[in-house]
Amino acid sequence: MLRCVRLLPAAVVTRTFSRCCSSSYVARMRFMNKLKEDEGACLAALDSGDVFLYHTLAPLLRKTQQGGVQLPLLPAKDVEGILNRLGRDGRSMVKESVLITCTEQNHALFCLDVGELDQGAVEEACEGNFVDLRKAFFILRGEEAPLVARGQALLRWHQGNGFCSASGQPTTRNQAGSQRVCHSNGLVYYPKMSPVIITLVSDGKRCLLARQASFPRGMYSALAGFCDMGETMEETLRREVAEEVGLEVGAVRYSGSQHWPFPQSSFMVACHATVAPSNAQLDVDHAELEDARWFTLEEIRAALKARTPPRNPPDQPPTIWVPPAYAVAHRLIREWAEDQERHGDGKR
Ligand SMILES: NC(=O)C1=CN([C@@H]2O[C@H](COP(=O)(O)OP(=O)(O)OC[C@H]3O[C@@H](n4cnc5c(N)ncnc54)[C@H](O)[C@@H]3O)[C@@H](O)[C@H]2O)C=CC1
Ligand SMILES: [Mg+2]
């Protein structure tokens, strides 16, 4: 630990996102845009900015004295020093950082993957631990989860797009990391998201949740599916619900959207949909879903409270849990429960 303190006086210099982020929206967006277009300005912003770290796409998190977990934002100069001490060219490595966001005071925030270094050595130097991103979503505070999601998605995109798919030649990134260019043919590549529609279907009294075999034990979520080329949002929604559970939905209501870093960055569009109670018989496609079931408000209330996989002893009715609060699926399920409590038969 003595070595940690020498390398990085963390308690003194580490910022957290909430402390450095009060802002005028317009000034912030214009500054961000300048950093994407002006290489010199971006480099200067990096020199005076903060960086958060990943190791092979797992974000570095640090325990707080209050028993919580935070995303440590390390001054870029300190990261450079740590990397130098760990035997690397710190300056060159830090320049590989990708721009994430900035404050109204033009203080920029970047992220960097140090996967080529020994994980334990970086963890010791930075007084933190690299945590799988899905686990991080369960323990991070609200405003930090989208930062680590965006950072991982951008870093993954750079790692997978080093070559032009037309010429086979290497691509070069701009300083902000917002695009890559193939200099042999001038093609410009931008980070991509795949549109996904996620739908919470209700029959008025119950809502429909499903699980894939790859989900954590006991976890159920709303139905989701990738858009096919040329489809509208409503067409994808109706097709996915029909394919996966054999239902024809009626009314559809948009709820919200979110970037989701898995599997390769999805743009999630979240909707509520209804089916008539007389038309609620499920015909589940077990090639896609391990299970799909209707759940009552009481079961959903219990699921929203669960923070860990349920034990489900054989002599008791099985209980479930749902995706973490940050996931838009959680929002849909919570909205449905609140709606039932206000208007449905589930009034207390
Ligand atoms: N943020 C949230 O609350 C939630 C997010 N999700 C995300 O939604 C995504 C889609 O849900 P699924 O039910 O798996 O979709 P899905 O029902 O469309 O099935 C996935 C299959 O679609 C095919 N596919 C078509 N286009 C694809 C593309 N652009 N990328 C990858 N596969 C493509 C592949 O064969 C893949 O195996 C999941 O990967 C998951 O990351 C799912 C539930 C909750
Ligand atoms: Mg699906």
Side-chain angles (χ1 to χ4, degrees), residues 1-5 7-22 49-76 78-79 82-83 97-98 100-103 107-115 117-156 215-219 221 258-262 303-310 321-331 333-334:
M1 271 305 143
L2 259 182
R3 190 163 152 254
C4 303
V5 174
L7 288 173
L8 176 70
V12 180
V13 296
T14 306
R15 282 176 270 266
T16 64
F17 184 63
S18 53
R19 261 181 55 201
C20 68
C21 197
S22 63
D50 288 338
V51 177
F52 58 97
L53 297 179
Y54 293 78
H55 191 282
T56 50
L57 298 176
L60 181 86
L61 305 184
R62 183 184 290 163
K63 287 191 177 136
T64 63
Q65 286 177 341
Q66 294 72 36
V69 169
Q70 70 172 206
L71 177 70
L73 310 183
L74 316 170
D78 289 1
V79 173
I82 289 170
L83 297 174
S97 301
V98 169
I100 298 297
T101 191
C102 71
T103 69
H107 190 87
L109 178 59
F110 294 78
C111 70
L112 174 68
D113 195 312
V114 294
L117 293 174
D118 177 72
Q119 180 175 335
V122 183
E123 288 178 336
E124 189 189 345
C126 297
E127 298 181 333
N129 290 100
F130 292 103
V131 177
D132 177 80
L133 184 60
R134 287 185 191 270
K135 286 192 189 136
F137 283 158
F138 281 97
I139 50 181
L140 274 176
R141 289 175 305 146
E143 70 267 39
E144 292 173 332
L147 295 182
V148 292
R150 185 189 302 194
Q152 197 216 46
L154 282 168
L155 292 168
R156 186 197 296 276
F215 282 12
R217 178 166 52 90
M219 178 174 283
S221 185
Q258 126 176 111
H259 163 254
W260 187 245
F262 312 112
L304 284 167
K305 281 187 197 140
R307 292 281 172 271
T308 51
W321 63 321
V322 294
Y326 171 59
V328 76
H330 187 105
R331 168 191 166 139
I333 297 166
R334 189 171 30 77

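When a residue number appears, it is its place in the shown sequence, counting from 1. Because the structure is predicted, anything quoted here is derived from the model rather than measured.
- In this structure Arg156 satisfies the salt bridge (charged side-chain N to carboxylate O under 4.0 Å, His left out) test with no other residue, sequence neighbours excluded.
- Put simply, the side chain of His55 gets close to the backbone of Leu117: a donor and an acceptor are under 3.5 Å apart.
- Summarising the geometry of Arg334 relative to Leu304, their closest heavy-atom pair is CA-CD1, 4.0 Å, with the distance given to 0.1 Å.
- Listed by chain and residue number, nothing satisfies the side-chain contact (heavy atoms from CB on, under 4.5 Å) test with Thr56 (two or more places apart in sequence, or in another chain).
- Residues that satisfy the salt bridge (charged side-chain N to carboxylate O under 4.0 Å, His left out) test with Arg217, not counting sequence neighbours, are absent from this structure.
- In this structure the side chain of Pro146 never reaches within 4.5 angstrom of the side chain of His259, judged on heavy atoms.
- With sequence neighbours excluded, the residues satisfying side-chain contact (heavy atoms from CB on, under 4.5 Å) with Lys135 are Val131, Asp132.
- Between Ala121 and Asp118 the shortest heavy-atom distance is N-OD2, 2.9 Å.
- For the atom pair Leu154 CG and Cys111 SG, the distance stands at 6.5 Å (nearest 0.5 Å).
- Rounding to the nearest 0.5 Å places CG of Leu53 at 8.0 Å from OG of Ser97.
- The aromatic rings of Phe137 and Tyr326 are tilted relative to each other, their planes meeting at an angle between 30° and 60°.
- No option in Val51, Thr103, Thr101, Leu71 other than Thr101 meets the side-chain contact (heavy atoms from CB on, under 4.5 Å) test with Leu109.
- Looking only at side-chain heavy atoms (C-beta outward), Pro309 and Pro216 stay at 4.5 Å or farther from each other.
- To the nearest 0.5 Å, the span separating CG on Leu140 from CG on Leu133 amounts to 8.5 Å.
- Taking every heavy atom of both residues into account, His330 and Val322 meet most closely at ND1-CG2, 3.9 Å.
- Among residues two or more places apart in sequence or in another chain, the side-chain contact (heavy atoms from CB on, under 4.5 Å) test is passed with Ala108 by Leu35, Ala45, Leu99, Cys102, Phe110.
- Residues Val69 and Arg141 form no side-chain contact, since every pair of their non-hydrogen atoms from C-beta on lies 4.5 Å or further apart.
- With Gln152 contributing its side chain and Tyr54 its backbone, the two residues share no donor-acceptor pair below 3.5 Å.
- The distance from the CD atom of Glu144 to the CD1 atom of Ile139 is 10.5 Å, given to the nearest 0.5 Å.
- Taking the side chain as every heavy atom from C-beta outward, Leu57 and Asp113 approach each other to under 4.5 Å.
- Going from atom CG of Leu74 over to atom CG of Leu60 covers 7.0 Å, rounded to the nearest 0.5 Å.
- The minimum heavy-atom distance linking Ala329 with Pro323 is given by the pair CB-CG, 3.9 Å.
- To the nearest 0.5 Å, atoms CE (Met219) and OG1 (Thr308) are separated by 10.5 Å.
- With sequence neighbours left out, Ala58 forms a side-chain contact (heavy atoms from CB on, under 4.5 Å) with Phe130.
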If you apply the rule side-chain contact (heavy atoms from CB on, under 4.5 Å), what do you find for Val114 with Ile82, and how did you get there?
CA-CA 11 Å; Val114 294; Ile82 289 170; over 6 Å; no
